[in-house]
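Chain letters run A, B, ... following the sequence lines, proteins first and then strands; every chain starts at 1.
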There are 2 protein chains.
Amino acid sequence: MRNKEATYGLIVETAYKLFAENGFDKTSLAMIAKEVGISKPAIYYYFDSKEKLIDFLFEEICKEIIKQYTLTVDDLTVNNFEQFLLNIGFQMIEEQERDVYFNKIFNEYILLATRKEKYMNQLNKIQRGYFENFSRLMNHGVKIGVVNGENVESKSNMLVMVIDNIGNFILTGLELDYKGIWEEAVKSVLKGVRNG
Amino acid sequence: MRNKEATYGLIVETAYKLFAENGFDKTSLAMIAKEVGISKPAIYYYFDSKEKLIDFLFEEICKEIIKQYTLTVDDLTVNNFEQFLLNIGFQMIEEQERDVYFNKIFNEYILLATRKEKYMNQLNKIQRGYFENFSRLMNHGVKIGVVNGENVESKSNMLVMVIDNIGNFILTGLELDYKGIWEEAVKSVLKGVRNG
DNA sequence: GTCTATAGTCTGATAGAC
DNA sequence: GTCTATCAGACTATAGAC
């Protein structure tokens, strides 16, 4: 016999794992209940429906993402800007390779969002936040003179495209030199360390 | 009363559309049958199971992709290389914005692939082909002197990352200057038209 | 080729006892 | 809080008539 909070937490954890592994539709409440060690109706004590459980997990995941991507930009100088930018990517790559569940379930939510507006609204908010963060970073780079001021917005967006998609390709098991790719992307927006 | 080929084609077309719109699990054979204008068991005359229908569509889509991405590189010169590269991206962006179904169903297959090996094998083959094509293109660019030879592989992979993810972001309805982003990506790998 | 009818299974969800 | 028992509905798939 567990107390309320423990069971609640276990349901959430288990749902997260099974949804990521099998997808929402191929994960039944019976499967979750079995893995938690309770009966199916017990889940309904905590969540009104399967959809509410899915909604709750999405909100949790969104909160976690927003918490993680908030960057403090002000103390970046000519000397540490490049390394800071590189580290953002390196950390993400390492995290993707560590946590297999996150990317799978998040992709599941992206597909869900293309079909249900309520998810799309939240997803777009996260995306915009993500782009804005990189934009602030790049504009700071322009200000301190390490980033070229031409088309800053497009440069910034390009970096987001690259780092975001690296996660997707890792998911498909394709083994590429992802850190090398990120290094090229970073170099391409920096002044001085240029090609040609 | 239709003839065999016509019904067959209609089933395939309709399945493609409905799978893209609702996902595999949320599209029943009854829905497909209803839209085609036949009864559910009639589908079983053409496909042994729902899974076989899904498999068949995946193979068709893969064939189509392979046919489209094969690039002829040899007649590219210093004068038309940049425009050629730009056009690849522009065409893809326009196609993504035109055909809403393709990207949705393809993402559906990517998620499926992370859970079933038989799909992953085929997906990886396509991905590798995609990367190899861009690699050939970039190496040709190095040979004719428009692309810097340093880390060609990473540069090439970066371009694939960008163009591939643009499709995903279009899917989420986020309105960005995608052509501008692609222009920046292309510029970043070309000699001479550099920043800084 | 396409139908009606139906078998058999699983699902999300509820009622009510303890 | 968690259970057993059970619901109605949807699903894939098959049998057999025409």
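- Note on residues 28-40 of chain B: pairs passing side-chain hydrogen bond (donor to acceptor under 3.5 Å, both in side chains), not counting sequence neighbours, are B:K17-B:E35.
- For residues 62-89 of chain B, the set of pairs meeting the ring-ring contact (aromatic ring centres under 6.0 Å, His included) definition, not counting sequence neighbours, comprises B:Y69-B:Y130.
- Take A:D99 and apply the side chain to side chain donor-acceptor pair (under 3.5 Å) test, not counting sequence neighbours, and it matches no residue.
- Nucleotide D:dT2 holds its P atom 13 Å from the CZ atom of A:F47, rounded to whole Å.
- As a whole-Å value, the separation of A:Y45 OH from C:dA13 P is 18 Å.
- With sequence neighbours excluded, the residues forming a side chain to side chain donor-acceptor pair (under 3.5 Å) with B:N80 are B:T77, listed by chain and number.
- Contact check, B:T7 against C:dT2: a side-chain N or O comes under 4.0 Å of OP1 or OP2.
- Applying the side chain to side chain contact (heavy atoms under 4.5 Å, CB included) criterion to A:D164, with sequence neighbours excluded, gives A:N168, B:N165, B:F169.
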**Message:** Please encode protein proximity along nucleotides 3-18 of chain D as a string of B, S and -, counting only heavy-atom distances under 4.0 Å.
**Reply:** BBB-----SBBB----
